[in-house]
Asks: 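My questions will all concern the structure given below.
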Amino acid sequence: MELESSVPPEVLHQFGLPYNIRVSPLGTGHIHTTLLVQSAAPQKVLQRINTSVFRHPEAIAHNLRVVGAYLAQHHPGYFFLNPLPTRTGGAVATDNQQQVWRLLPFVADSVTLQEIESPEQAYEAARGFGEFARNLDGLHPAELQPTIRRFHDLSWRYEQFETALAQTEPSLARLAKNEIASAQAFQPLVHEYEGLIRSGRLPLRVTHNDTKINNVLFDRLTGRVKCVIDLDTLMPGYFIYDLGDLVRTCVCPVSEDETDLSKITIRTDVYDALVAGYLEPMADRLTEDEKKTIPFAGKMMTYIMALRFLADHLNGNVYYKVKHPLHNLERARNQLALLTKLA
Ligand code: GN1
Ligand code: MG
């Protein structure tokens, strides 16, 4: 599909791109519009930021500047995907409709995976995210701004689910009867989360917060991690968020979009590889208390995503991109099945 007409000329101008570029859709993200700019050498990635999700794109830009500068100073050999500036040195371009765009380098000879195929891949992906966390271990989280408020706060997500349930169309609730009951039955996980946070035993860190498997680029030839991508939610968080989303998206042989629930199983060898891979760079950085929470991480993040997909279904699919009206409900069902296996 050619979408050149969808990139406003004023955006091309601000980034110094030729007006005759060809672009095509890239990736499977649920939030932004992501385009591969094909004919600009070297290739680049252009994204229209979803500003109803990210209401403060300047917070993202601030965080990327701080992290980019920190890494350049302390870990100069580390490959961090800095965004490309506009001609006047800005982080983003704004079009005449007030839509916000950014430009990124395209990483050549890299591949993303939608599903993990082996424990070795799982180890490597987790090692990559662990290395990222390790390199940012010395950066004070207060230097970063939250880009989405209470993003992985399980109590808040449960509250949002309850609000959605109270306000939904009865027909949407009827369709989700079983999923609502299942989501409610897992509520003790919210109390476990609250207890953990209240105890103060988990230190705030700089976390990626979207460590799903397709947010890491593997070297096409060596299979080693080249870099982590999708840095919008880089902000203060707890380590269980990052390990947890890796568990959520890797242990199961099928993705969150799978509708055949019989395919939802837990691969324990992949789970063990994830934990080992994450710990390779992080074992001497995590506290003993943090290590004790490892078994909670995957459950917590799977539950949060089940609640978010279900709430979005009840809200009439206003947040995530969907391919059909029951897509969010199907994703919620998938995540609840996975949670049942994990719990
Ligand atoms: C969204 O944009 P994408 O697809 O990387 C979401 C994540 C969810 C994920 C579920 C800002 O990420 O939190 O884990 O979908 N990002 C935001 O696939 O809400
Ligand atoms: Mg994302």
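Counting starts at 1 for both ligands and their atoms, in listed order. When a residue number appears, it is its place in the shown sequence, counting from 1.
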Asks: Closer than 4.0 Å to some heavy atom of Met305 - which atoms of ligand 1 meet that?
Replies: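 Counting atoms of ligand 1 from 1, those under 4.0 Å from Met305 are 8 (C), 14 (O).
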Asks: For Asn334 and Glu256, test the side chains for any donor-to-acceptor distance below 3.5 angstrom and give the result as yes or no.
Replies: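 No - no donor-acceptor pair under 3.5 Å links their side chains.
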Asks: For Pro325, is there any backbone N or O sitting under 3.5 Å from a side-chain donor or acceptor partner on Asn317?
Replies: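 Yes; at least one donor-acceptor contact below 3.5 Å.
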Asks: Can you run down the side-chain hydrogen bond (donor to acceptor under 3.5 Å, both in side chains) pairs that involve residues 67-81, sequence neighbours left out, and say none if there aren't any?
Replies: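 As it turns out, the side-chain hydrogen bond (donor to acceptor under 3.5 Å, both in side chains) pairs with a partner in residues 67-81, which skip direct neighbours, are His75-Asn135.
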Asks: Any N or O of His152 that comes nearer than 3.5 Å to an N or O of ligand 1?
Replies: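 No, His152 has no N/O under 3.5 Å of an N/O on ligand 1.
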Asks: Would you please say whether a donor-acceptor pair under 3.5 Å links the side chains of Tyr303 and Arg157?
Replies: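 Their side chains do not contain a donor-acceptor pair, so the 3.5 Å distance test is not met.
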Asks: Can you see which heavy atom on Val270 is nearest to which on Ile116, and at what distance?
Replies: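 So the minimum-distance heavy-atom pair works out to CG1-CG2, 4.3 Å.
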Asks: Based purely on interatomic distance, does His30 place a nitrogen or oxygen under 3.5 Å from a nitrogen or oxygen of ligand 1?
Replies: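 Min N/O separation from ligand 1 is below 3.5 Å for His30.
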Asks: Under 4.0 Å from ligand 1, counting heavy atoms only, is it the side chain of Asn209, its backbone, both or neither?
Replies: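 Neither; no heavy atom under 4.0 Å.
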Asks: Classify the contact between Met301 and ligand 1 as side chain, backbone, both or neither, using a heavy-atom distance cut-off of under 4.0 Å.
Replies: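 For Met301, there is no contact with ligand 1 at all, from either part.
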Asks: Within ligand 1, which atoms have a heavy atom of Ile31 less than 4.0 Å away?
Replies: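 Answer, ordered by atom number: 1 (C), 2 (O), 16 (N), 17 (C), 19 (O).
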Asks: Show which atoms of ligand 1 fall inside a sub-4.0 Å distance from at least one heavy-atom site of Phe54.
Replies: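 Matching atoms, with element in brackets: 11 (C).
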Asks: Indicate yes or no: does an N/O atom of Glu256 lie under 3.5 Å from an N/O atom of ligand 1?
Replies: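 Yes.
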Asks: Taking NZ, NE, NH1 and NH2 as the nitrogens, is one of them in Lys226 or Asp219 under 4.0 Å from a carboxylate oxygen of the other?
Replies: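 Between Asp219 and Lys226 there is a salt bridge, with a charged N closer than 4.0 Å to a carboxylate O.
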Asks: Check whether any side-chain N or O of Asn315 sits under 3.5 Å from a backbone N or O of Ala164 as a donor-acceptor pair, and report yes or no.
Replies: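 Not at all, since once roles are kept as given, no pair shorter than 3.5 Å links the two residues.
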Asks: By number and element, which atoms of ligand 1 are closer than 4.0 Å to a non-hydrogen atom of Tyr319?
Replies: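 Close to Tyr319: 11 (C), 17 (C), 19 (O).
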Asks: Please report the shortest heavy-atom distance between Val206 and Leu136, naming the atom on each side.
Replies: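 Between these two residues, the closest heavy atoms are CG1-CD1, 3.8 Å.
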Asks: Of the side chain and backbone of Lys212, name the one, both, or neither that has a heavy atom under 4.0 Å from an atom of ligand 1.
Replies: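 The part of Lys212 near ligand 1 is the side chain, not the backbone.
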Asks: Side chain, backbone, both or neither: which applies to Asp210 and ligand 1 if a contact is any heavy-atom pair less than 4.0 Å apart?
Replies: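 Only the side chain of Asp210 comes within reach of ligand 1.
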Asks: Between Cys252 and Lys263, which heavy-atom pair has the shortest distance, and what is it?
Replies: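 Closest approach of Cys252 to Lys263: SG-O, 4.2 Å.
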Asks: Mind checking whether Tyr320 has an N or O less than 3.5 Å away from an N or O of ligand 1?
Replies: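 No.
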Asks: Which of the numbered atoms in ligand 1 are under 4.0 angstrom from any heavy atom belonging to Arg248?
Replies: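 Here the atoms of ligand 1 in question are 10 (C), 14 (O).
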Asks: Considering both backbone and side-chain atoms of Arg308, is one of its nitrogen or oxygen atoms within less than 3.5 Å of a nitrogen or oxygen in ligand 1?
Replies: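 Min N/O separation from ligand 1 is below 3.5 Å for Arg308.
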Asks: Please identify which atoms of ligand 1 are closer than 4.0 Å to at least one heavy atom of Gly29.
Replies: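 Taking each heavy atom of Gly29 in turn, ligand 1 has 4 (O) under 4.0 Å.
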Asks: Does His32 reach the main-chain N or O of Asn50 with its side chain, forming a donor-acceptor pair under 3.5 Å?
Replies: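 Here the side-chain-to-backbone pair exists.
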